[in-house]
Structure formats: C-alpha cells, structure tokens
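One structure is given below, encoded as structure tokens.
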Amino acid sequence: MDKPGAKGRESSKERHRQMLIDATAAAIAEHGLAQVSVSRILEKTGLSRGMINLHFATKQKLLVEVARHYSDQYIGSWNSAIAAAGPRPEDRLRAVIEADFDPSVLNRRTMAVWFAFRGEAHSVPDYMPFIDSREARMNRVIYGICTDLCAQGPYPDVDPRRAANSFIAALEGLWTDFHLHPDDFRREEAREVVLEMARAYFPRHFRG
C-alpha cells in the first residue's frame, strides 16, 4: 500500500519535471539552443537550481529529454492518426499527411525547437535519434503503406521505397518552408502538394 502523500509527491515530481522540459523548449525557441542557460530555464519555472540536478542530473541531459519529448509527441500524433484511419492504405497515407500539417505538430515553437536540435546533431550525437528524418519507425510506416498501395493497384512501375522516400522528402521540405516563412505558409496548399504526389504515384487510390 502506498504511504500517505506518496502519490502527491509523485504527481509533484512529474509536474516539476514537465515544467522544466516546457521551460527549456520555450527558452530554445526564444534564444536558440546555444544561448539556453540554467538561469533562463529557471526564470520561466520559479524552481530552484537543484531541481534540474534532481530530475535530470545535468543541463545536457535535460536538453536530450526535451528532444525525446518532442519526438515522442510527434510519433504519438501520427500513430494515433493512422490507428483512427482504418485499414485502407490510402486512408492511412492521408492520415500521415494530415498529422504532419496539424497545428499541434506544425507550429512556430515546435519547429524552432526541432530545427535547433537538428543544427547541433552532428556535434551532439545524442540528439540524432530524436530528430533524424530517416527515423526507422516513420520510414517503416510510410514504406509499408506504399508497399500496400503498390500491391493493390497494382502499380508495377512504382518502387515503394522510392515513393516512401519522396513523401518523406516532401514533408521535410514543407516543414522547412514553414520554419523559414511561417507568415506566408498555407497549410491547405502544402497538403495539396503532397496529395498531388500521391495522385501521381497511386492514381487509382487518389482520384481528383
């Protein structure tokens, strides 16, 4: 049996941990990764310096956890979208495209954090698993969808690996466009760019 107050302490611990992750992300978005200091993080939380040591041991480990947090959120968003889409591969591909342009994923703070970590990934390899555009799970999902579409078409002239790489490259490029030009970015137009590719590769599944 839990001791009295044990659940409350655990809840408080998790709340403080999440506060530090959110504050660090905000500091990265405002100042860039290189200018994120412990002081700037703590200013946003009102917590003591010891809290970083308690929850993460070092600032660098906190930064890695921020990268992990954003990666987990992203993967969770398209996993949920695919699960809700049903078994048809064309619906699953549409779900991936919709998830990538959803404001909960594609927004100024998330892109600022995402690209900040990408800029440092070669000098800090610990970041790479969380920001890699060739991330195995995402590649596996899109390749699987394209493989199913090729089999159903059939589309004998379409290489599913090449098609999957094309979709990933297009989505990556449009994220970059949003990051650089958020005020001029049009989500519906961006979706149509990717759907036009889908119609070119898989015309029987993406008509009109």
Side-chain angles (χ1 to χ4, degrees), residues 25 28-29 67-119 121-122 127-208:
I28 292 170
R68 186 195 309 276
H69 175 74
Y70 274 78
S71 176
D72 287 348
Q73 278 193 328
Y74 175 55
I75 291 168
S77 74
W78 55 256
N79 270 338
S80 296
I82 290 169
R88 298 199 314 170
E90 62 268 38
D91 292 338
R92 287 185 280 138
L93 185 56
R94 286 181 187 276
V96 169
I97 295 167
E98 288 295 325
D100 248 43
F101 295 115
D102 191 278
S104 66
V105 171
L106 191 63
N107 57 70
R108 290 174 189 253
R109 175 180 288 191
T110 299
M111 290 301 103
V113 171
W114 196 266
F115 281 94
F117 280 115
R118 285 188 163 189
H122 285 292
Y127 300 150
M128 185 63 81
F130 309 114
I131 53 80
D132 190 357
S133 62
R134 299 183 182 183
E135 201 274 336
R137 288 167 293 182
M138 184 64 166
N139 272 264
R140 204 159 45 235
V141 167
I142 296 184
Y143 173 63
I145 292 170
C146 290
T147 299
D148 289 346
L149 286 165
C150 284
Q152 286 186 13
Y155 302 105
D157 297 329
V158 176
D159 179 339
R161 175 64 65 192
R162 193 169 298 162
N165 288 340
S166 297
F167 284 115
I168 291 169
L171 293 169
E172 287 283 319
L174 289 162
W175 272 25
T176 302
D177 187 47
F178 175 89
H179 178 56
L180 295 176
H181 308 286
D183 292 329
D184 298 325
F185 190 84
R186 300 292 178 265
R187 291 176 197 273
E188 191 55 43
E189 185 176 316
R191 289 188 193 97
E192 276 303 309
V193 167
V194 187
L195 286 171
E196 189 65 30
M197 288 179 54
R199 286 189 282 270
Y201 275 118
F202 309 115
R204 295 184 186 89
H205 291 82
F206 293 88
R207 297 179 188 277

Where do R109 and A29 come nearest, in terms of heavy atoms and distance? CG-CB, 4.1 Å
All heavy atoms of L93 vs all of A198, minimum pair found to be CD2-CB, 4.3 Å
If you compare all heavy atoms of A85 against all heavy atoms of A95, which two are closest, and at what distance to 0.1 Å? CB-CB, 3.8 Å
Calculate, to the nearest 0.5 Å, the distance between atoms OH and CG belonging to Y74 and N79 respectively. 10.5 Å
Students often mix this up, so state it plainly: with edges at 30° and 60°, are the rings of F202 and H205 parallel, tilted or perpendicular? perpendicular
Minimal non-hydrogen separation, V158 against P160, with atom names: O-CD, 3.4 Å
Going from CZ on R186 to NE2 on H181, what distance comes out if it is rounded to the nearest 0.5 angstrom? 12.5 Å
Any donor and acceptor pair, going by atom type alone, linking the side chain of S80 with main-chain N or O of S77 inside 3.5 Å? no
The reported gap from OH in Y201 to OG in S166 (rounded to nearest 0.5 angstrom) is 3.0 Å
Would E192 and R199 pass as an ion pair if we require N to O under 4.0 Å? yes
Nearest heavy-atom pair of F130 and W114: which atoms, and what distance? O-CH2, 3.7 Å
Can you find a pair of side-chain heavy atoms, one from P103 and one from R187, that are under 4.5 Å apart? yes
Can V194 and F101 be said to form a side-chain contact (heavy atoms from CB on, under 4.5 Å), step by step? CA-CA 11 Å; V194 187; F101 295 115; 4.1 Å; yes
When you compare the side chain of F167 with that of I145, does any pair of heavy atoms fall below 4.5 Å? no
Could you state the interatomic distance from CD (E172) to CG (D100), rounded to the nearest 0.5 Å? 8.0 Å
With rounding to the nearest 0.5 Å, note down the distance linking OG1 in T147 to CD in Q152. 11.5 Å
R92: which of V141, D148, L149 passes side-chain contact (heavy atoms from CB on, under 4.5 Å): D148
Let me see the working for W78 and I142 under side-chain contact (heavy atoms from CB on, under 4.5 Å), right down to the final yes or no. CA-CA 11 Å; W78 55 256; I142 296 184; over 6 Å; no
Inspect the contact between R108 and D183 and indicate whether a charged nitrogen and a carboxylate oxygen are less than 4.0 angstrom apart. yes
Heavy-atom pair with the smallest gap, counting every atom of R94 and L195: NH1-CD2, 3.8 Å
Apply side-chain contact (heavy atoms from CB on, under 4.5 Å) to I28 and F117, showing your working. CA-CA 9 Å; I28 292 170; F117 280 115; 3.8 Å; yes
Hey, what do you get for OG1 (T176) to CZ (F115), rounding to the nearest 0.5 Å? 3.5 Å
Y143 side chain to N165 side chain, donor-acceptor N/O pair below 3.5 angstrom: no
Using a 3.5 Å distance criterion without hydrogens, assess whether the side chain of R161 forms a donor-acceptor pair with backbone atoms of C146. no
